[in-house]
Colleague: 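Sharing a structure below in structure tokens format, with a few things to ask.
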Amino acid sequence: YSIAERGSFFMKKILMVALFALLALVGCGTTEQEPVQNAGAEQDVNEEPQAKSLILYKSDSQAESTMPFEVAYAGEALVPFIYNKVNEHDVTLLGYKLENEAKSLVLNLGDDIFSIQGSAGATMFVHTLAQSYFENIPLLEDVKFLYNGSDEPVLDHMEIGKAYTRADVGME
């Protein structure tokens with residue numbers, strides 16, 4: 001091989017390696033996200049409440065109505081922050097997504113949803129969460145609960161897959 005031929009061979013090899021590296025980088029950015037998460041929309045939600053505190057809701061001691069309480073807020077991801085502060089049943093939030101230009105919030109709940117007992121427990125679970133989201137996300141119009149990504153009914157006392165509106169939880 002002449003020097004020119006060797007240079008051409010090495011140049012082709014370098015170009016092939018660069019092409020494969022570029023394809024690998026582009027491929028890394030196209031992985032699908034979980035269907036019940038929407039990290040991009042979280043940015044829009046976090047722009048709303050920049051206050052140092054939030055008003056959230058919890059059930060009263062008889063689990064008959066909700067009552068507001070205030071918590072310090074440092075600007076972390078709003079949806080899971082509210083969920084973790086309000087959830088009194090230790091039901092796992094598997095994921096969430098904002099739909100309809102951030103007017104609809106879908107919460108995907110895990111197997112421990114069955115720890116919610118009775119219609120009063122389910123009502124307080126739904127109302128405290130929905131009221132807390134409606135209070136702190138002004139453009140939000142409805143909140144829907146899924147069970148392991150499905151809207152199939154699994155509880156007699158809680159409507160999985162139903163879009164709860166502000167009127168449904170006494171916020172209008």
Side-chain angles (χ1 to χ4, degrees), residues 26-49 54-69 71 73 75-172:
V26 170
C28 288
T30 61
T31 59
E32 289 186 34
Q33 286 185 332
E34 286 284 316
V36 189
Q37 289 184 348
N38 189 348
E42 181 68 28
Q43 202 73 22
D44 297 337
V45 172
N46 274 338
E47 289 176 13
E48 290 295 329
L54 300 175
I55 302 296
L56 303 179
Y57 291 84
K58 63 181 177 179
S59 63
D60 65 6
S61 59
Q62 290 82 30
E64 294 175 350
S65 63
T66 60
M67 45 196 245
F69 68 101
V71 296
Y73 177 68
E76 59 258 41
L78 184 63
V79 171
F81 175 83
I82 290 174
Y83 187 87
N84 291 329
K85 292 293 182 184
V86 172
N87 177 19
E88 297 174 341
H89 294 279
D90 295 324
V91 176
T92 304
L93 177 64
L94 299 176
Y96 64 91
K97 65 180 174 179
L98 288 159
E99 299 177 327
N100 190 24
E101 298 176 4
K103 293 178 184 172
S104 299
L105 174 62
V106 179
L107 302 171
N108 186 21
L109 308 176
D111 289 330
D112 33 14
I113 193 172
F114 296 105
S115 68
I116 301 172
Q117 297 295 312
S119 58
T123 298
M124 288 298 99
F125 180 80
V126 168
H127 282 227
T128 57
L129 282 165
Q131 287 176 346
S132 296
Y133 287 119
F134 290 141
E135 181 77 32
N136 295 287
I137 307 173
L139 298 178
L140 193 62
E141 295 176 359
D142 59 72
V143 177
K144 183 173 16 177
F145 299 90
L146 300 180
Y147 166 65
N148 283 326
S150 172
D151 62 359
E152 294 297 318
V154 294
L155 296 173
D156 293 336
H157 49 273
M158 183 177 165
E159 295 186 58
I160 299 296
K162 175 187 177 188
Y164 290 89
T165 65
R166 290 176 182 270
D168 292 331
V169 297
M171 296 284 294
E172 250 187 1

Colleague: What pairs of residues pass the salt bridge (charged side-chain N to carboxylate O under 4.0 Å, His left out) test when at least one of them lies in residues 100-113, not counting sequence neighbours?
Modeller: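 Residue pairs passing salt bridge (charged side-chain N to carboxylate O under 4.0 Å, His left out), neighbours aside: none found.
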Colleague: Nearest heavy-atom pair of Ala63 and Ala120: which atoms, and what distance?
Modeller: O-CB, 4.0 Å
Colleague: Between Glu64 and Ser61 (side chain of the first, backbone of the second, donor and acceptor by atom type, cut-off under 3.5 Å), is there such a pair?
Modeller: no
Colleague: Test side chain to side chain contact (heavy atoms under 4.5 Å, CB included) on Tyr133 and Val86; report intermediate values, then the result.
Modeller: CA-CA 10 Å; Tyr133 287 119; Val86 172; over 6 Å; no
Colleague: Determine, stepwise, if the pair Val126 / Val143 fulfils side chain to side chain contact (heavy atoms under 4.5 Å, CB included).
Modeller: CA-CA 9 Å; Val126 168; Val143 177; over 6 Å; no
Colleague: Is the shortest distance from a Lys or Arg side-chain nitrogen in Lys144 or Asp151 to a carboxylate oxygen in the other one below 4.0 Å?
Modeller: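 Not counted as a salt bridge, because no side-chain N and carboxylate O are separated by less than 4.0 Å.
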Colleague: Between CD of Glu135 and CE of Met171, what distance do you get to the nearest 0.5 Å?
Modeller: 5.0 Å
Colleague: Does a side chain donor of either Ser104 or Asp142 reach within less than 3.5 Å of an acceptor in the other side chain?
Modeller: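 Yes, Asp142 and Ser104 have a side-chain donor paired with an acceptor closer than 3.5 Å.
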Colleague: Would you please indicate yes or no on a ring centroid separation below 6.0 angstrom for Tyr164 and Phe134?
Modeller: no
Colleague: Apply the test side chain to side chain contact (heavy atoms under 4.5 Å, CB included) to residues Tyr96 and Leu107: give CA-CA distance (whole Å), side-chain angles for both, the deciding distance (0.1 Å), then the verdict.
Modeller: CA-CA 5 Å; Tyr96 64 91; Leu107 302 171; 3.9 Å; yes
Colleague: Tell me yes or no: between the side chains of Glu88 and Thr128, is some donor less than 3.5 Å from an acceptor?
Modeller: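 No, no side-chain donor-acceptor contact under 3.5 Å.
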Colleague: Closest heavy-atom contact between Leu56 and Lys85?
Modeller: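 Heavy atoms of Leu56 and Lys85 come nearest at CD1-CB, 3.5 Å.
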Colleague: Which pair of non-hydrogen atoms, one from Glu172 and one from Ala167, has the smallest distance, and what is that distance?
Modeller: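 Where Glu172 meets Ala167 most closely, the heavy atoms are OE1-CB, 3.5 Å.
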Colleague: Donor-acceptor pair, distance only, cut-off 3.5 Å: does the side chain of Asn87 make one with the backbone of Tyr83?
Modeller: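 Side chain of Asn87 to backbone of Tyr83, a donor-acceptor pair under 3.5 Å: no, none is there.
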Colleague: Should we say atom NZ of Lys162 is surrounded by more than 12 heavy atoms from elsewhere, each under 6.0 Å from it?
Modeller: yes
Colleague: Does any part of the side chain of Phe125, heavy atoms only, come nearer than 4.5 Å to the side chain of Ile113, both counted from C-beta?
Modeller: no
Colleague: How far does CG of Leu93 sit from CZ of Phe145, to the nearest 0.5 angstrom?
Modeller: 10.0 Å
Colleague: If you look at every heavy atom in Ile116 and Gly121, which pair is closest and at what distance?
Modeller: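 In terms of heavy atoms, the two residues are closest at CG2-C, 3.7 Å.
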Colleague: What closest approach, in Å, do Gly149 and Asn108 show between heavy atoms, and which atom pair accounts for it?
Modeller: N-OD1, 2.5 Å
Colleague: Would Leu78 and Leu54 count as a side chain to side chain contact (heavy atoms under 4.5 Å, CB included) here? Give the steps.
Modeller: CA-CA 10 Å; Leu78 184 63; Leu54 300 175; 3.8 Å; yes
Colleague: Quick check for you: to the nearest 0.5 Å, what is the distance between His127 atom NE2 and Asp168 atom CG?
Modeller: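 These two atoms lie 7.5 Å from each other.
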Colleague: Which distance, rounded to the nearest 0.5 Å, do you find between the OG1 of Thr165 and the CG of Leu140?
Modeller: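 Output value for this atom pair is 10.5 Å.
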Colleague: For Gln131 versus Thr66, what's the shortest heavy-atom pair and its separation?
Modeller: OE1-OG1, 2.6 Å
Colleague: Can you tell me how far apart OG (Ser150) and CG (Leu109) are? Round to the nearest 0.5 Å.
Modeller: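 Interatomic distance, Ser150 OG to Leu109 CG, rounded to 0.5 Å: 11.5 Å.
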Colleague: State which residues pass ring pair (Phe, Tyr, Trp, His ring centres under 6.0 Å) with Phe69; sequence neighbours excluded, sorted by chain then number.
Modeller: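 Counting only residues at least two positions away or on another chain, Phe69 forms no ring pair (Phe, Tyr, Trp, His ring centres under 6.0 Å).
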Colleague: Measure the CD-CG distance between Glu141 and Asn100 for me, rounded to the nearest 0.5 Å.
Modeller: 6.5 Å
Colleague: Is there a donor-acceptor contact under 3.5 Å from the side chain of Glu76 to the main chain of Phe81?
Modeller: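 No, because the side chain of Glu76 does not come within donor-acceptor range (under 3.5 Å) of the backbone of Phe81.
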